[in-house]
Amino acid sequence: MSYRDIYADLVDEPGALLPIFHRIQDRLGHVPQDALPEIAQALNLSRAEVHGVMSFYHDFRAEPAGRCVVKVCRAEACQAMGANALVRHAEQRIGTPLGSTCADGSVTLEATYCLGNCALSPAVMVNGALKGRVTPERFDALLAAAQHKEQAA
Amino acid sequence: MTRIYVPRDSAALSVGADEVAAAIVAEAARLGVTIELVRNGSRGLLWLEPLVEVATPQGRVAYGPVAVEDVPGLFAAGFLNGGAHALAHGLTEQIPYLARQERLTFARVGITDPLSLDDYLAHDGFRGLRAALALAPAAVVQQVTDSGLRGRGGAAFPTGIKWKTVLGAQAAQKYVVCNADEGDSGTFSDRMIMEDDPFVLIEGMTIAGIATGATRGYIYVRSEYPHAFEVLGQAIAMATQAGYLGDDVLGSGRAFRLDVRLGAGAYICGEETALLESLEGKRGIVRYKPPIPALKGLFGQPTVVNNVISFASVPIILDRGAEFYKNYGMGRSRGTLPFQLAGNIRHGGLVEKAFGLTLRDLVEGFGGGTASGRPVRAVQVGGPLGAYVPASQFDTPLDYEAYVGISAMIGHGGLVVFDDTVDMAEMARYAMEFCAIESCGKCTPCRIGSTRGVEVIDRIIANQDRAANIELLRSLCDTMLGGSLCALGGMAPYPVLSALKHFPQDFGIETSQLAA
Ligand SMILES: Cc1cc2nc3c(=O)[nH]c(=O)nc-3n(C[C@H](O)[C@H](O)[C@H](O)COP(=O)(O)O)c2cc1C
Ligand code: SF4
């Protein structure tokens, strides 16, 4: 299959590779590896280069994520407010270690390093929405709400 | 009709500002009163978010932190007329935290609707750009130089000197690039400017373009800031529509076109040359300098790279004059810095003040001590590469040179406060771990040294051959300090060594053993 329609308008932008990866991941939830050769061709780059860029950046996924993506901030300001305990709680609650997706594919749990919400720590991001002052109880409520919303959709 | 303000800043949204706004609208409808709801930026009194303000003849009255459940009670207490309530804080402008600030760069933040050009113009917007357009490029650069403004991204390089280099370079295409990668934990001032006063950044970058002859600009925003990315896109479209950007800026015949680009989760892309690589569509790997970006930057062309706050401070300098700005501050640290109070702090938020105040003023005076109510043990100043400052150094003035004097750095102005439950050996370990995770991999001391650093600290914590491993840690830090290409590997030792120096007991060393 071709992915070209997704990003055709970006090809002539200078330095188009990151915008293209973002666009594809926005649409498909990940960047399928079979898209890389055609992107390489469209931008006149080597496959190795395109692959190298894709794997350099933490954001881009080669595989689909869980239906709900939860990022927990591990950086210093959040650590000062109990982020390590929150990470342990999240791992237990979701039943999967940080940096993985739980077995039924419902939730991907990831670490992040600063969400810019450092006065309202600890912070998490649930499906792209920033949350602050996240106690373990609030974490459970936020997760339940996100899963509820996802089921309704 | 009463005007009510509920912030749209993402910190406020993160604790329910949208829900509160909806509840206010619903309650007003239920009671049959008409209100005008404005989604302003945040005042930066973040512990009070969501902070709702009501316009009264005396001024705006603040209520916060407001939860959805509080809304009916606020109406019942007559908050539309500024009525008394347990959450009331009186006139916003008179809250000491705000009243004691010197807001130059953040003059409009929290007051205006970030996406209202009318608001922006009514609050001195685009006066700096108009002033710049009336001057020769070299005169604009001179104003910036004379103001004493130094880069707010961390390295504190004089902004005017950088601009002068770009102005003097000959090239068909020059660029202005805004570093909005704000990766330091404990910092959010860039985010607030982008979300809460985006036009000031656009104005500052346009002035940079006019001053240096660059006709294209990029803002590189980290992907952790989706809201800022969206606001900037809208603001750029509005500014272009109104003729502040485009082929003919305000009818001057000068062109300046601006685009926003998204990062992809790499701390190292905050380093300016890695950022340029990333903008070019490559891996974010640090370049050797020279050549400096001012001469060979984006796509090999002369490029101004500055931090968000550096650009956002330029309009007021052009509007009020270099002298005005320079009169704030101390020594060679001129003007103001938006400090960010973060971590375990009672009153976390943004405090813009002239250089020269102390950590004690900020943490105890403004911040009110820790959120936990326990004693403050350490403050990490300047992000993950910044030193841990102990209470004994809280009276050192916040001045670039004075901080270098205590082996610390002000950086981007973030302060992360820790109480006495912190384990500083664990924080030192984290500094090395972070460096290992984020290293671009170009140099060995950083790439390998940081991983070794984690292992060595683990052995120290586990009390395996402790004295020898502490020696090893020091020598490893030495190697990283001296042998790294950029400040990620070159400064990661600062938090480690400062933790070791000021909190040796956390590494299992008796203070008496430390004479050497
Ligand atoms: C590892 C590393 C990360 C950096 N991160 C940022 C950042 O997030 N934002 C920023 O403005 N500068 C950052 N810098 C500093 C930039 O390299 C550069 O000095 C700055 O963008 C210049 O702009 P200024 O003079 O206005 O500060 C970083 C530097 C290093 C070594
Ligand atoms: S110090 Fe680290 S991040 Fe910087 S250039 Fe070297 S390897 Fe890359």
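Letters go in sequence order (proteins before strands), and every chain restarts at 1.
Minimum heavy-atom separation, B:V417 to A:A80: O-CB, 3.3 Å. Considering every non-hydrogen atom in both B:V15 and A:R138, the closest pair reads CA-NH2, 4.1 Å.
When each of A:K71, A:K131, A:E76 is scored by its heavy-atom pairs under 4.5 Å with chain B, the top score falls to A:E76. Your options are B:T370, B:I437, B:D9, and the one with the most heavy-atom pairs under 4.5 Å with chain A is B:I437. In terms of heavy-atom pairs under 4.5 Å with chain B, the best-connected choice from A:A75, A:A16, A:A77, A:G52 is A:A77. When the candidates B:H227, B:K282, B:E426 are compared by the number of heavy-atom contacts under 4.5 Å with chain A, B:K282 comes out ahead. Of all the listed residues (A:P122, A:A119, A:S121), the one sharing the greatest number of non-hydrogen pairs under 4.5 Å with chain B is A:A119.
Between the CD atom in A:Q79 and the OH atom in B:Y430 there is a gap of 5.5 Å [rounded to 0.5 Å]. From A:L18, atom CG reaches atom SG of B:C269 across 8.0 Å, with rounding to the nearest 0.5 Å.
Ion pairing between a basic and an acidic side chain is recognised when a charged N comes within 4.0 Å of a carboxylate O; B:E49 and A:R133 show no such pairing.
With a 4.5 angstrom heavy-atom cutoff, B:L298 does not touch chain A via any of its atoms. With a 4.5 angstrom heavy-atom cutoff, B:L279 touches chain A only via backbone atoms. Both the backbone and the side chain of A:P14 come within contact range of chain B, each with at least one heavy atom under 4.5 Å from a heavy atom of that chain. Heavy-atom distances place no part of B:E277 under 4.5 Å from chain A, backbone and side chain included. Both the backbone and the side chain of B:S278 come within less than 4.5 Å of a heavy atom in chain A. If you measure heavy-atom distances from B:V422 to chain A, you find no contacts under 4.5 Å at all. If you measure heavy-atom distances from B:L341 to chain A, the contacts under 4.5 Å come from the backbone alone. Of the two parts of A:L120, only the side chain, counted from C-beta on, holds a non-hydrogen atom closer than 4.5 Å to a non-hydrogen atom of chain B. Using a 4.5 Å cut-off between heavy atoms, B:A371 contacts chain A through its side chain alone, with no backbone atom that close. Proximity to chain B involves both the backbone and the side chain of A:R74, based on heavy atoms less than 4.5 angstrom apart. Of the atoms belonging to B:E438, it is side-chain heavy atoms, and not backbone ones, that fall under 4.5 Å from chain A.
Close approach to chain A, defined as a heavy atom under 4.5 Å from one of its heavy atoms, is seen in B:G183, B:D184, B:S185, B:G186, B:T187, B:F188, B:R191 of residues 182-196 of chain B, taken by number. Taking 4.5 Å as the heavy-atom cut-off, the residues of residues 381-388 of chain B that approach chain A are B:P384, B:Y388, ordered by number.
Contact of the A:Y113 side chain with the B:Y267 side chain is not registered, since no non-hydrogen atoms from C-beta on lie closer than 4.5 Å. Side-chain contact between A:M125 and B:P226 is present, with heavy atoms from C-beta onward closer than 4.5 Å. Side-chain contact check for A:L130 versus B:Y225: every heavy-atom pair is 4.5 Å or farther apart. In this structure, the side chains of B:R261 and A:H22 stay at 4.5 Å or more apart for every pair of heavy atoms.
In the displayed structure, A:Q33 atom CD is contacted under 6.0 Å by more than 12 heavy atoms of other residues, nucleotides or ligands. The environment of CZ in B:R346 is sparse: at most 12 heavy-atom neighbours from other residues, nucleotides or ligands sit within 6.0 Å.
Within the 3.5 Å criterion, the main-chain N or O of A:Y57 finds no donor-acceptor partner in the side chain of B:R283.
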